[in-house]
Amino acid sequence: MKIQIVNGPNLNLLGRREPGIYGKRGFEDFLKELRDRYPNVEIGYYQSNVEGELINHLQEVGFQADGIVLNAGAYTHTSVALRDCIKSIDSPVVEVHISNVHQREEFRHHSMISAVCRGVICGFGLDSYRLAIEALRG
């Protein structure tokens with residue numbers, strides 16, 4: 001099984017960015033744990049702060065991956081282009097957020113991509129990614 005994790009803007013700063021919201025742990029350490037936990041799953045990882053690069057990557061992997069775990073960051077709330085991309089690819093996508101976006105600012109309560117994703121997981125910290133992998137594994 002091949003699962004691709006795709007992180008959007010500012011998620012390269014995990015562990016340093018607003019630790020009260022996003023935690024004190026960097027993603028690379030967590031990614032190693034995920035790979036150790038799921039040795040029979042090939043877990044790829046990609047991060048970009050650039051919307052077009054995220055779309056290009058989703059198009060590259062979206063016809064061969066068994067699933068995609070996507071934390072689109074702030075693009076979740078603004079990007080029709082990401083929505084159109086997700087709708088166009090074959091791989092199922094699970095939208096993930098580290099924080100519970102519904103407990104935060106009003107503008108974070110609306111997602112442009114939720115309706116075209118298989119599901120949404122938010123509010124469980126980095127464990128949201130593990131839960132998404134479990135959902136994709138079925």
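Just the heavy atoms: all of them, side chains too, but no hydrogens, waters or symmetry mates, feed the values below.
- One distance of note links CD of Glu106 with NE2 of His77; it measures 11.5 Å at 0.5 Å rounding.
- The line from CG of Asn71 to OG1 of Thr76 is 6.0 Å long, rounded to the nearest 0.5 Å.
- Remark: side-chain polar atoms of Tyr75 are paired, donor with acceptor, to backbone N or O of Asn49 under 3.5 angstrom.
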With a cut-off of 3.5 Å and sequence neighbours excluded, list every side-chain donor-acceptor pair involving residues 30-39.
residue: Lys32; atom: NZ; partner: Asp36; partner atom: OD2; Å: 3.0
residue: Glu33; atom: OE2; partner: Arg25; partner atom: NH1; Å: 3.4
residue: Glu33; atom: OE2; partner: Arg25; partner atom: NH2; Å: 2.2
residue: Arg35; atom: NE; partner: Ile43; partner atom: O; Å: 2.9
residue: Arg35; atom: NH2; partner: Ile43; partner atom: O; Å: 2.8
residue: Tyr38; atom: OH; partner: Glu134; partner atom: OE2; Å: 2.5

Next item on the list: Could you walk me through whether Ser128 and Val96 pass the side chain to side chain contact (heavy atoms under 4.5 Å, CB included) test, one step at a time?
Entry: CA-CA 6 Å; Ser128 296; Val96 163; 3.7 Å; yes
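- If you take OG on Ser91 and CD on Gln64, they are separated by 7.5 Å, rounding to the nearest 0.5 Å.
- Contact annotation: the side chain of Ile98 approaches that of Leu126 to within less than 4.5 Å [non-hydrogen atoms, C-beta and beyond].
- With hydrogens and angles disregarded, a donor-acceptor distance shorter than 3.5 Å links the side chain of Asp66 to the backbone of Lys2.
- Side-chain contact check for Leu54 versus Pro9: some heavy-atom pair is nearer than 4.5 Å.
- Contact check for Val101 versus Ser99: side-chain heavy atoms found under the 4.5 Å cut-off.
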Exercise answer: donor-acceptor pairs, residues 112-123 side-chain atoms, under 3.5 Å, sequence neighbours excluded:
residue: Ser114; atom: OG; partner: Glu95; partner atom: OE1; Å: 2.6
residue: Ser114; atom: OG; partner: Ser111; partner atom: OG; Å: 3.0

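- A single hydrophobic cluster is seen to contain both Leu70 and Ile89, as judged by linkage of ILVMFWY side chains at heavy-atom distances under 4.5 Å, directly or through other members.
- Tyr46 places a side-chain heavy atom less than 4.5 Å from the side chain of Glu53.
- The CE atom of Met1 sits 9.5 Å away from the CD1 atom of Ile133 when rounded to the nearest 0.5 Å.
- Transitive grouping of hydrophobic side chains (ILVMFWY, heavy atoms separated by less than 4.5 Å) brings Leu131 and Leu11 into a common cluster.
- Here the straight-line distance linking atom CD of Gln59 with atom CG of Asn56 works out to 6.0 Å at 0.5 Å rounding.
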Next item on the list: Apply side chain to side chain contact (heavy atoms under 4.5 Å, CB included) to the pair Ile3 and Glu42, showing each step before the final yes or no.
Entry: CA-CA 6 Å; Ile3 293 179; Glu42 184 181 318; over 6 Å; no
Note to self: Does Val6 form a side chain to side chain contact (heavy atoms under 4.5 Å, CB included) with Ile68? I'd like the steps, not just the answer.
What the structure shows: CA-CA 7 Å; Val6 178; Ile68 297 171; 4.1 Å; yes
Next item on the list: Report the C-alpha separation of Leu82 and Leu58 in whole Å, then their side-chain angles, then the decisive distance to 0.1 Å, and conclude whether the side chain to side chain contact (heavy atoms under 4.5 Å, CB included) test is met.
Entry: CA-CA 9 Å; Leu82 270 176; Leu58 288 170; 3.7 Å; yes
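- Between the side chain of Gln4 and the backbone N or O of Val61, no donor-acceptor pair lies under 3.5 Å.
- Among pairs with a residue in residues 114-138, those fulfilling ring pair (Phe, Tyr, Trp, His ring centres under 6.0 Å) read Phe27-Tyr129, at least two apart in sequence or across chains.
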